[in-house]
Structures are given as C-alpha cells and as structure tokens.
*Asks:* 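Below: one structure in structure tokens.
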Amino acid sequence: MTKTTADPLSLIMDVPDFPKKGIVFKDITPLLSDAAAFAAVIDRLSEPYMGKGIEIVAGIESRGFLLATPMAYRLGAGVVPIRKKGKLPRKTHAASYALEYGQDTIEAHQDAFAPGAKVLLVDDVLATGGTAAAGVALLEKLGGSVQGVAFLIELGFLNGRSKLPGQKVHSLVTY
Ligand code: AMP
C-alpha cells in the first residue's frame with residue numbers, strides 16, 4: 001500500500017532504547033512496506049552503480065538482504081548473502097569483527113562468485129563500521145573486486161567510514 005511519495009526517508013522510524021538502553025534503532029520496515037517509497041529508495045541506492053559493470057551485490061544478514069536483492073535485480077547482477085556463522089551449507093570463508101563484548105563472525109560460500117568479480121556490498125545501516133569492514137575483508141578474501149559499499153542510513157556521529165579506508169561509501173541519509 002502506498003502511504004506517501006513525498007520523502008521516502010521520512011518513513012524511517014526512530015525506536016529509542018532498542019535493542020538496549022541508549023540505542024536509537026532505525027526501523028526501516030515502514031519504508032519497505034510502502035510501495036512507492038521502497039521503489040524510490042532502491043532506485044536511488046542503485047543509481048550510482050548503473051552501467052558500472054557490477055556483477056554481484058552482496059547483502060549482509062539480515063536487513064541487508066532486503067536491499068541487496070532488489071538492487072541486484074535493478075543492476076542486472078547476481079545476489080550473494082553474507083550470513084552469520086553456521087548458516088551456509090557448503091564451504092565458507094569467514095571474517096570476524098569486534099562487538100562491545102566479544103566478537104561476531106560472518107561467512108560467505110567460497111565459490112559465491114568468480115575471482116575478480118566486481119562486487120557491491122550493501123547493508124541497511126552504517127554504524128561503527130565493524131560489520132561492513134568485515135564484509136569488505138570477506139569479499140576480498142573471496143577474490144572480489146569491491147566497487148563500493150552502499151547503505152540506506154549512515155550514523156555519521158559513529159564515524160563508521162573510518163573503518164572503510166579506500167572504499168567508495170555511499171549512503172542515502174546521514175544522521
Ligand atoms: P556496525 O557494525 O556498528 O556498523 O553496525 C552495523 C550493523 O548493525 C548493521 O547490520 C545494522 O543493521 C545494525 N545497526 C547498528 N546500529 C543500528 C541502529 N541504530 N539501527 C538499526 N540497525 C543498526
């Protein structure tokens with residue numbers, strides 16, 4: 001159902017203290033469920049990469065999948081899921097990143113794409129940048145040529161870009 005076409009990004013909702021106190025969670029589900037807003041955002045996220053020969057769009061579990069998949073279709077590319085440890089059935093490569101307490105690991109199939117493929121990495125939110133940096137490291141371990149890293153939302157005050165040196169980072173809205 002279409003609620004508005006004015007500013008799709010205005011549909012993103014702030015949810016204070018989720019999943020824990022002090023975090024303002026950016027809820028993109030109202031944007032995703034609005035047909036016109038969803039289409040506009042996928043078009044705007046894809047636009048810088050049109051005609052750039054992107055072969056693979058890699059999305060980070062799980063909200064990254066919701067953006068990477070329609071972007072891949074739009075760009076005429078394949079889609080690759082980067083998943084949390086233990087979810088993929090065949091041989092994987094992995095990359096780990098630090099959390100506030102401990103660490104997390106993401107994985108992709110070793111044969112997810114041909115070495116040298118032009119790959120775009122996508123996630124919904126760039127916060128501290130740890131997840132995306134691990135995503136880039138993983139794609140490079142797989143032999144990918146990372147052409148860019150795209151986010152719907154960037155939390156500028158957390159300076160996640162500093163964890164992505166040398167990468168072309170693109171986001172639609174910065175808070
Ligand atoms: P980071 O590794 O700190 O850049 O965190 C990025 C990951 O955590 C992304 O996969 C986001 O989906 C999620 N994330 C971090 N902060 C938020 C937030 N304020 N609202 C929604 N998702 C977030």
Side-chain angles (χ1 to χ4, degrees), residues 7-34 37-38 40-42 44-46 48-49 56-72 77 79-88 92-109 112 119-142 144 146-175:
D7 177 8
L9 301 174
S10 68
L11 295 176
I12 297 166
M13 292 182 73
D14 282 358
V15 184
D17 298 323
F18 183 88
K20 57 183 180 182
K21 208 164 171 52
I23 304 282
V24 179
F25 188 86
K26 297 289 182 186
D27 180 15
I28 64 169
T29 60
L31 186 162
L32 297 173
S33 64
D34 183 296
F38 177 54
V41 157
I42 295 305
R44 282 169 59 181
L45 272 170
S46 305
Y49 310 104
I56 294 291
V57 181
I60 301 181
E61 184 169 356
S62 57
R63 287 182 298 276
F65 298 167
L66 297 167
L67 302 172
T69 303
M71 285 176 71
V79 64
V80 164
I82 294 180
R83 301 215 58 184
K84 300 276 166 63
K85 191 178 170 62
K87 302 281 188 183
L88 288 167
T92 58
H93 281 311
S96 296
Y97 55 100
L99 298 174
E100 197 177 347
Y101 304 103
Q103 62 166 31
D104 222 340
T105 300
I106 51 177
E107 296 181 333
H109 277 139
V119 184
L120 173 66
L121 179 64
V122 175
D123 203 359
D124 64 334
V125 175
L126 173 62
T128 66
T131 310
V136 169
L138 178 57
L139 293 173
E140 288 179 341
K141 208 182 266 188
L142 292 165
V146 180
Q147 303 291 300
V149 191
F151 303 92
L152 177 50
I153 298 164
E154 178 172 354
L155 303 179
F157 56 92
L158 293 174
N159 199 23
R161 277 182 190 247
S162 66
K163 296 245 179 68
L164 300 168
Q167 293 298 329
K168 288 185 192 134
V169 179
H170 170 63
S171 58
L172 285 195
V173 60
T174 302
Y175 297 101

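All residue numbers in this chain count up from 1 along the given sequence. Keep in mind that what you see is a predicted model, and the values were worked out from it rather than measured. Each ligand, and each atom within it, is numbered from 1 in the order the structure gives.
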*Asks:* Are Ile153 and Asp124 side-chain neighbours, meaning at least one heavy-atom pair lies under 4.5 Å?
*Replies:* no

*Asks:* Run the contact test for Ala132 against ligand 1 with a 4.0 Å cut-off on heavy atoms, strictly below, and give the result.
*Replies:* no

*Asks:* Which option out of Thr131, Asp14, Asp123 puts a heavy atom nearest to atom 9 (C) of ligand 1?
*Replies:* Asp123

*Asks:* Please report which non-hydrogen protein atom sits nearest to atom 22 (N) of ligand 1, along with the residue it belongs to and the distance in Å to one decimal place.
*Replies:* Arg63 NH2, 3.2 Å

*Asks:* Could an N or O of ligand 1 be found under 3.5 Å from any N or O of Tyr97, whether backbone or side chain?
*Replies:* no

*Asks:* Are the side chains of Val80 and Leu142 in touch, meaning some heavy atoms are under 4.5 Å apart?
*Replies:* no

*Asks:* Any side-chain heavy-atom pair from Lys26 and Asp14 closer than 4.5 angstrom?
*Replies:* yes

*Asks:* Please work out which of Leu158, Val125, Ile153, Leu152 has its closest non-hydrogen atom nearest to atom 17 (C) of ligand 1.
*Replies:* Val125

*Asks:* Below 4.5 Å, heavy atoms only, C-beta onward: do Leu66 and Leu32 meet side chain to side chain?
*Replies:* yes

*Asks:* To the nearest 0.1 Å, how far is atom 20 (N) of ligand 1 from its closest protein heavy atom, and which atom is that?
*Replies:* Lys26 N, 2.9 Å

*Asks:* Report yes or no: does a heavy atom of Leu155 sit under 4.0 Å from some atom of ligand 1?
*Replies:* yes

*Asks:* Would you check if Leu121 and Ile82 make a side-chain contact, meaning some heavy-atom pair closer than 4.5 Å?
*Replies:* yes

*Asks:* Which option wins on minimum heavy-atom distance to atom 3 (O) of ligand 1: Ile106, Thr128, Ile23, Ile28?
*Replies:* Thr128

*Asks:* Tell me the closest heavy-atom pair linking Tyr97 and Thr131, and the distance in Å.
*Replies:* CE1-OG1, 3.5 Å

*Asks:* Where is the tightest heavy-atom contact between Phe151 and Leu45, given as atom of each residue plus distance?
*Replies:* O-CD2, 3.5 Å

*Asks:* Among all protein heavy atoms in this structure, tell me which lies nearest to atom 4 (O) of ligand 1, with the distance rounded to 0.1 Å.
*Replies:* Gly129 N, 2.7 Å

*Asks:* For ligand 1, which atoms, with element, lie under 4.0 Å from some heavy atom of Val24?
*Replies:* 18 (C), 19 (N)

*Asks:* Counting heavy atoms only, which of Gly160, Gly135, Gly130, Ala127 comes nearest to atom 16 (N) of ligand 1?
*Replies:* Ala127

*Asks:* Starting from atom 11 (C) of ligand 1, find the nearest protein heavy-atom neighbour and note its residue, name and distance.
*Replies:* Asp124 OD1, 3.4 Å

*Asks:* Got Arg44 and Pro8 here, is their nearest side-chain heavy-atom distance under 4.5 Å?
*Replies:* yes

